[in-house]
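Just below is one structure, and these are the notes that go with it.
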Number of protein chains: 2
Amino acid sequence: MEHTGRVKMADVARQAGVSVATVSKVVNGRYGVAQSTLDRVQQVISDLGYEASLGASSLRSHRTHVVGILVAEFEPFSTELLKGASDAIGSTEYELLAYSAGGRRADVGWERRYLSRLGGTLIDGAIIVTPTVVDARGVIPVVAIDPHTGPSGLPTVDSDNFAGGVMATEHLLALGHRRIGLMGGRPDLESARLREAGFRSAMASAGLPVDETLVVNGGYRPETATQPARDLLDRPDRPTAVFAANDLSAIRTVEIARELGLHVPRDLSVIGFDNVPESALCDPPLTTVSQPLRDIGARALQLLIDLLAERDVPTHLRLPTALVERASCRPLG
Amino acid sequence: MEHTGRVKMADVARQAGVSVATVSKVVNGRYGVAQSTLDRVQQVISDLGYEASLGASSLRSHRTHVVGILVAEFEPFSTELLKGASDAIGSTEYELLAYSAGGRRADVGWERRYLSRLGGTLIDGAIIVTPTVVDARGVIPVVAIDPHTGPSGLPTVDSDNFAGGVMATEHLLALGHRRIGLMGGRPDLESARLREAGFRSAMASAGLPVDETLVVNGGYRPETATQPARDLLDRPDRPTAVFAANDLSAIRTVEIARELGLHVPRDLSVIGFDNVPESALCDPPLTTVSQPLRDIGARALQLLIDLLAERDVPTHLRLPTALVERASCRPLG
DNA sequence: ATGAAAGCGCTAACAG
DNA sequence: CTGTTAGCGCTTTCAT
């Protein structure tokens, strides 16, 4: 019977001697099937290892019990969120589909295109990670994690980026640093804006002016942080400490420092943001501001599930940040 | 024009004054469309933000340029592979879809069911992570990572688990440990079998018998490792060192040790396997045997792409393991 | 309780 | 060059 390709509903129907309509009913647990038929069909289903094609069934039913998590790329940040979402999905009736077109196609507007590609059919709802173009008038319920600046109209979960920025800066200040560089994040993201605002606020509170030549844009990614890190460090009046807006650019900063013959933390203190697991792998282990990334992913998933169940949900969840001291910062002197 | 739901091909066709067939041709870059029509349709597509539904188009065309990575759960191991696959996909024409039904539905045979659910339509090929039921006669090309014991017939990528097991054990031996516990992995996985074989081989080479009461099954997961860890440690003749078959169960072992008032590494040395980023986050940072997880993911993806292009591929890639010394082991005495 | 038939959004012949 | 016509595998009325 191993003819061609995967087993489809028609194969099950034939083998069980019923119509596909009947098989569909038992697969979907509809009423109106005799117990004997039901048993027989289920037997054939398990014998053949049949499972309905997600593509086909979703096309027709528009209810799939699958939720999507749409990311530009699977990197340490988004995969932490994914772990959290995966933890949370266990207690629901849903399955999880994570989608990325790969870095290259992650141009402006990717979130809208992904949504169009998967929404309406394959997935019942979506979590979008760091969307820039937010398009509230959606077809399916959407929750945003760490979105673009400004009110999006989308339910959002993020963490207290401003407080985190203050925290990081105050830590450096408390260690005696005064000449502090800022490697900013993606300027199109609210999180980056707030972390920088926190930095400036803490500097101002300390009565310190911000040297704008010490403010660069690291773009949140190792590749985009490389040159800015050189600009910051390869100069006689380099800062004694750098606050990088996320761990990936902080880690790259540490690497560039080493390339330039600078020892971290002896010659340069570096603090990051996010507390992705990779930050502990860094040499030296990175001092950073943690966001509860897994929890953010789990909360976003729960929010989405509530949305799908048409329950009332908060439109914005903000989770706390905290200082994690490791070995990349030390007192000046 | 914002009537109902997502914009579909018919909407584009209407707006551009052509048939859906023509729109399909321009979307898929087929020949036989006048330049002026092409321009007009493309304009409408970008105005409307149209993107073809993956569900619908795949149902018909059986070629999607999407590859799947099928996992039981998104945890540190599978997400490292995912990062590697994501790195590698950037240089291809493919997009990446990662799928998990959540822990609960990850029963025996999940890999076959996922494949049935997504294969044939949504995805052109798949990477399956730690499959138990290997079913070579597939509809779509499949690459296995760290599969079930025995020859599967599937192209496989894994690492040198035996050598890694030897390495971990010899490290403990070199530190003077003689009474060494083994927390084994999932017995249905070749990797776990080989790591244990490496352990036994190293013990034998050292002329040491294996105390079978010190061999437990941790099942690779924190939840399943908890009780075995207690069994191993909560007794007067407990081992002075434990080799855990993966980092997650090693980390849990460290936690249980602490619960029991044991200090790691003073009272107990623990070594893991995998070198997931979380192992560095452990307190104390975990000494472990690294597998090049991201590279494994990238290689598996490349293998799959080659398979899809009908290029000749190696049927088995084995990558090296290496000892990573951190702080969870110390000399006995 | 069961099956026939229509159709989800799209692609692939084939006509025109 | 363009449109018409069939389905892809499944769900869903609606008859029987």
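Throughout, a chain's letter reflects where its sequence line sits, starting with A, and its residues are numbered from 1.
Per the geometry, CG belonging to B:Asn28 stands 17 Å off P belonging to C:dG9, to the nearest Å. Computed from coordinates, the A:Tyr50 OH to D:dG9 C1' distance equals 7 Å when rounded to whole Å. When rounded to the nearest whole Å, the span between CG of B:Leu118 and P of D:dG9 equals 16 Å. Atom pair B:Leu122:CG and C:dT11:C1' shows a separation of 16 Å (rounding to whole Å applied). Distance, B:Leu59 CG to D:dT11 P: 12 Å, rounded to whole Å. B:Leu54 places its CG atom 11 Å from the P atom of C:dT11, with the value rounded to the nearest Å. Regarding B:Glu51, its CD atom lies at a distance of 11 Å from the P atom of C:dC10, rounded to whole Å. One interatomic measurement links the two molecules: NZ of B:Lys25 to C1' of D:dT5, which rounds to 12 Å at whole-angstrom precision.
Each of A:Ala21 and B:Ala21 lies near DNA chain D, and the nucleotide nearest B:Ala21 is the one positioned closer to the 5' end.
Judged by distance alone, the side chain of A:Asp11 and the main-chain N or O of A:Lys8 form a donor-acceptor pair under 3.5 Å. For A:Arg311 (side chain) and A:Ala309 (main-chain N/O), no donor-acceptor pair under 3.5 Å exists by modelled atom type. Looking only at distances, a side-chain donor or acceptor of A:Ser100 sits under 3.5 Å from a matching main-chain atom of A:Ala72.
Residue A:Arg6 places none of its side-chain N or O atoms closer than 4.0 Å to OP1 or OP2 of D:dC8. Side-chain N/O atoms of A:Ser57 include none lying less than 4.0 angstrom from OP1 or OP2 on D:dG9. B:Ser19 has a side-chain polar atom (N or O) that falls below the 4.0 Å cut-off from OP1 or OP2 of D:dG3.
Remark: the B:Thr132 side chain and the B:Arg186 side chain contain an N/O donor-acceptor pair separated by less than 3.5 Å.
Under the side chain to side chain contact (heavy atoms under 4.5 Å, CB included) test applied with A:Thr130, the options A:Ile145, A:Val71, A:Asp158, A:Asp146 reduce to a single match, A:Asp146.
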- request: Test salt bridge (Lys or Arg N to Asp or Glu O under 4.0 Å) on A:Glu73 and A:Arg221 and set out the steps.
  value: CA-CA 11 Å; A:Glu73 193 183 349; A:Arg221 311 184 69 209; 2.8 Å; yes
message: Test side-chain contact (heavy atoms from CB on, under 4.5 Å) on A:Val66 and A:Leu122; report intermediate values, then the result.
response: CA-CA 7 Å; A:Val66 175; A:Leu122 294 180; over 6 Å; no
Secondary-structure string, 5' to 3', Watson-Crick or G-U under 3.5 Å, | for another-strand partners, for DNA chain D: ||||.|||||||||||
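No N or O donor and acceptor, one from the side chain of B:Arg60 and one from the base of C:dG9, sit under 3.5 Å apart.
Interatomic distance, B:Arg112 CZ to A:Tyr50 OH, rounded to the nearest 0.5 Å: 15.0 Å.
Counting any heavy atom pair closer than 4.0 Å across all strands shown, B:Val23 reaches no nucleic acid atom. At a threshold of 4.0 angstrom between heavy atoms, the contacts of A:Ser24 include nucleobase atoms, whether or not backbone atoms are also involved.
A heavy-atom distance below 4.5 Å is found between the side chains of A:Arg299 and A:Asp295.
Out of D:dG3, C:dG9, D:dT11, the shortest distance to the side chain of B:Lys8 is found at C:dG9. Of the candidates D:dT11, C:dG9, C:dT2, C:dG9 carries the atom nearest the B:Ala56 side chain, counting heavy atoms from C-beta on.
Contacts between residues 29-46 of chain A and DNA chain D, defined by a heavy-atom separation below 4.0 Å, involve A:Arg30, listed by number.
Using the six-membered ring where Trp is involved, A:Tyr114 and A:Tyr99 have ring planes that are perpendicular, over 60° apart on the 30 and 60° scheme.
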